[in-house]
Amino acid sequence: MPLRKLAHLTLVALGLLTALAVFFVAQLRFNYNFNDFYPAGDPDLDYYMQYSGRFGNDNDYVLLGLEAPQGQTVFEPRFLTQVDSLTRFIQQRRHVTQVSSPTNAVNPVVEGLGVFNVPYLHPQDPTRRAQDSALVYRTPGLVGNLISRDARAATILFQTSPNLSKPPGDSLLAAVRTELQRQGFAEEEYHLAGKMVAQSVFVDRLQVELMVFMSLSVVLVTGLLWLTFRTWWGVVLPLVVVLGAIVWGLGVMSAFGVSIDLMTALLPVMLFVVGMSDTIHIITRYVTELGYGASKRDSLLIALKESGFGSGLSALTTSIGFFTLMTSTIRPIYNFGLFTGIAVLLTFALSFTLLPAMLVLLRKPQLRVPRETGHSWDGVLGRLFRVVLARRHWVVAISALVLGLSVASASRIRINSALLDDLSQNDPVKLDFKFFERQFAGVRPFELDLKPAPGRTIYDLEVLRQTEKIEGYLQRTYGLNFVASPVTIIKSVRKALNGGLLTEYRLPDSEAELERLTRKVKLFRKKPEFRALALPDGSEGRLTGRMPDVGSIRADKLNTDLRRYLRASVDSTVLHTRLTGSANLIDKNNENLTLNMITGMSIDIVMVTLIVLLLFRSLRMTLVVLVPNLVPILIVAGVMGAAGVSMKVSTSIIFTIAFGIAVDDTIHFISKLKLVLLQEPSLFRAVRKTYLMAGKAVIVTSLILVGGFSTLIFSSFDGTFYVGLLIGLTLLFGVVAELTLLPILILWFYRHKPKEIRQPVPALGG
């Protein structure tokens, strides 16, 4: 079949497939689900899902913090009237199940057969202000929870429907903000925090940042392609191929019902910069052959033949680098690895179908300066090659020194994460969360499941005393600023039965008194705050609380000490406990991060080793290939340690991805060397020729990769910033190692039929 006809058929087929991909891409949605970051398949996750089914999720709430006017306290009648108005407004909103506020907090009193709720605050009666404020500060659970310790701020806490999605959540938040403005609150006078707030902000920013990153990447890559090829087709064709691959990749993702989240949002940018490699290698070789005087047909066939093998191997190693992320128990990382790996293979397919088809249909390009003997790049690369070999001992010594310092610095890396890890310290959302940590109990939830021993209920006196002892430890030692449990129910009932006196807010002294109290508990069962603390039959209870977000390292130590305390101090014949909750699950991710990273890197290294062994049948060459690619990884690990960058969910992917991408150029280099060695008996000359042939593509692709990843440093998400910065640095160090260490190591270690080598190689090792 004539080449032009085949090219036309190829374009038609690819066009139909692209149209199908566009159909699926149009159905893609942005999403950020906090629950997706729980460790999938973990027994603790299954336990928490059952627990939350009985008691509700511990993070389905929003905190609204209101600051009193300058120089005033929250007890001013006008301010309390505003708080009360907002409380009533929020109570009437759809998807709000419960509202706790200083103005609807009541002191229940049991008289006769009824319960009378006496409010703590009376904004309509200024004469009671001193009395009200004194009572508030003496009542447990109000100060630090609904009213700040300095009385300068108040909180309205409202529970929402379980796992509320973004659209209704955004509508609710928008309505609250509108009402705040209507009542005269300036933006700096109110603060919002909670899972729903973070979810809303993350998704909105993802949409904006994806457009920004893609735009920056297109501009940057276009500029680099123009500087490299100086032809319109040298710019347009790679862009068409890679943009087509992005559409295909997103189409596959959409077809599997996966949304764009914090991790998969990186796929288009990642693919845009990574996918350029194959097209640049093909076009560079094509232009080189044209420059040497070959025909258009021969130039294209040579480019495809010589680039196909190396590109296939590099696409395989790069996709494996992404596929190894599927070892992660975190669903967004799993999806990111799976679909980016698939997209890399799709890019390879398009590079060797769409690109050749377009080149066939284009007229033979007129090069600016056709050359018979070579190109200007040859002179630059030739001089660099000579300098590297002449200074080979310095290159190796400096590399070894930098490597030693990096390993020492990398040992300082710590695995640590927080609830809003991906937001910078000065982000408005993070500042709002810190406001609640500074003025109130905090935003990190705490959950402890309470199960009485067989034959007991949660309202047994011994069970309550054990629970109260745990509460004391959690408040004194663990750091909980707010705590509630079935003990809260019994104490509150006792207080209510004794005229609402604060002195009566304690556990009963005898079983007889407790029996009288438990008969009255049914009067309070309709109160949602009590209903969420114990099952109706008393077979299970919940100890819940809030604290500052101390980070996973500190939380892990606190939890270890807590478990030790529970084993030593809680009578297991009376009460069984189990730590659970959303924060506990997020902390558990840290236990898997190191294992996942090591597993991913190991799979990468094994696969690259097998590829090199198949190519060269030489263990020495595996060392030659791995060293120039592991050195940049270790250097960047040293940079992380020196800069104090913690390992967390978003940064744990850096090393696996960086290695998979960095080894790409090495695979291209050694595959070209393998082909050159078939015609060139001298290893020295073969390495030099390969260096000149592959050097330009290596430099150009690396610059595009570094430039593309550097666009991510403009992200407002810390995780994305570090992915861009650290992978960019890895690739920058990688191209330096490629052009310096790699040729030295090949000439030192590779044994290619020594009797045929005409250049005295041993002198290089001396």
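No hydrogens, no waters, no symmetry mates; every other heavy atom, side chains included, goes into these values.
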State plainly whether the residues [X] and [Y] are in salt-bridge range, i.e. N to O under 4.0 Å.
X      : Y      : result
Glu540 : Arg54  : yes
Glu468 : Arg465 : no
Lys434 : Glu437 : no
Asp549 : Lys430 : no

Shortest non-hydrogen separation from [X] to [Y] and the atoms involved:
X      : Y      : value
Pro486 : Leu450 : CD-CD1, 3.8 Å
Pro77  : Pro123 : CB-O, 3.5 Å
Asp509 : Glu513 : N-OE1, 3.2 Å
Ser100 : Leu146 : O-CD2, 3.9 Å
Val74  : Ala68  : N-CB, 4.1 Å
Asn145 : Thr155 : O-CB, 3.7 Å

Nearest 0.5 Å, what's the [atom1]-[atom2] distance between [X] and [Y]?
X      : Y      : atom1 : atom2 : value
Glu471 : Lys491 : CD    : NZ    : 6.0 Å
Arg506 : Asn498 : CZ    : CG    : 8.5 Å
Gln439 : Ile147 : CD    : CD1   : 12.5 Å
Ser200 : Arg205 : OG    : CZ    : 10.0 Å
Phe436 : Leu64  : CZ    : CG    : 6.5 Å
Arg438 : Arg149 : CZ    : CZ    : 11.5 Å

Look only at the side chain of [X] and the backbone of [Y], and say whether a donor-acceptor pair between them is shorter than 3.5 Å.
X      : Y      : value
Asp58  : Ser582 : yes
Ser148 : Ala153 : yes
Arg516 : Ala512 : no
Glu189 : Ala186 : yes
Asn104 : Ser101 : yes
Ser569 : Leu566 : no
Asn57  : Asn59  : no
Arg546 : Phe446 : no
Asp427 : Val429 : yes
Ser161 : Leu164 : no

Give a yes or no on whether [X] atom [atom1] has more than 12 heavy-atom contacts from other residues, nucleotides or ligands under 6.0 Å away.
X      : atom1 : value
Phe256 : CZ    : no
Arg78  : CZ    : no
Gln72  : CD    : yes

Do the side chains of [Y] and [X] get nearer than 4.5 Å, heavy atoms only?
X      : Y      : answer
Leu80  : His122 : no
Tyr565 : Asp561 : no
Leu63  : Phe440 : no
Phe79  : Leu66  : yes
Leu135 : Arg138 : yes
Leu157 : Val99  : no
Arg177 : Leu192 : yes
Glu447 : Asp449 : no

- Take Lys166 and Asp204 through the test salt bridge (charged side-chain N to carboxylate O under 4.0 Å, His left out) and record every step on the way to the result. CA-CA 10 Å; Lys166 179 173 163 56; Asp204 289 343; 2.9 Å; yes
- Let me see the working for Tyr505 and Thr488 under side-chain contact (heavy atoms from CB on, under 4.5 Å), right down to the final yes or no. CA-CA 9 Å; Tyr505 186 77; Thr488 310; 3.6 Å; yes
- Verdict with supporting geometry, Thr264 and Asn335, side chain to side chain donor-acceptor pair (under 3.5 Å): CA-CA 7 Å; Thr264 51; Asn335 287 338; over 6 Å; no
- Under the 6.0 Å and 45° cation-pi test, does Arg331 pair with Tyr334? yes
- Query: Does Arg129 make a cation-pi contact with Phe75 (under 6.0 Å, within 45 degrees of the axis)?
  - Reply: no
- Are Asp84 and Thr87 close enough, and set up right, to give a side chain to side chain donor-acceptor pair (under 3.5 Å), and what steps lead you there? CA-CA 5 Å; Asp84 189 51; Thr87 302; 5.2 Å; no
- Working for side chain to side chain donor-acceptor pair (under 3.5 Å), residues Tyr478 and Asn559: CA-CA 8 Å; Tyr478 191 90; Asn559 289 337; 2.5 Å; yes
- Message: Ring-plane angle category for Phe55 and Tyr51, please: parallel below 30°, perpendicular beyond 60°, tilted otherwise.
- Response: tilted
- Task: Test side-chain contact (heavy atoms from CB on, under 4.5 Å) on Leu562 and Thr477 and set out the steps.
- Result: CA-CA 9 Å; Leu562 173 62; Thr477 308; over 6 Å; no
- Message: Does Leu448 form a side-chain contact (heavy atoms from CB on, under 4.5 Å) with Ile470? I'd like the steps, not just the answer.
- Response: CA-CA 10 Å; Leu448 188 70; Ile470 297 171; 3.8 Å; yes
- Message: Under the criterion side-chain contact (heavy atoms from CB on, under 4.5 Å), I'd like the reasoning laid out for Leu86 against Leu180: C-alpha separation, chi angles, the key distance, then a yes or no.
- Response: CA-CA 8 Å; Leu86 278 166; Leu180 284 164; 3.6 Å; yes
- Item | Check against side chain to side chain donor-acceptor pair (under 3.5 Å), Ser552 and Asp587 | CA-CA 5 Å; Ser552 58; Asp587 292 338; 5.0 Å; no
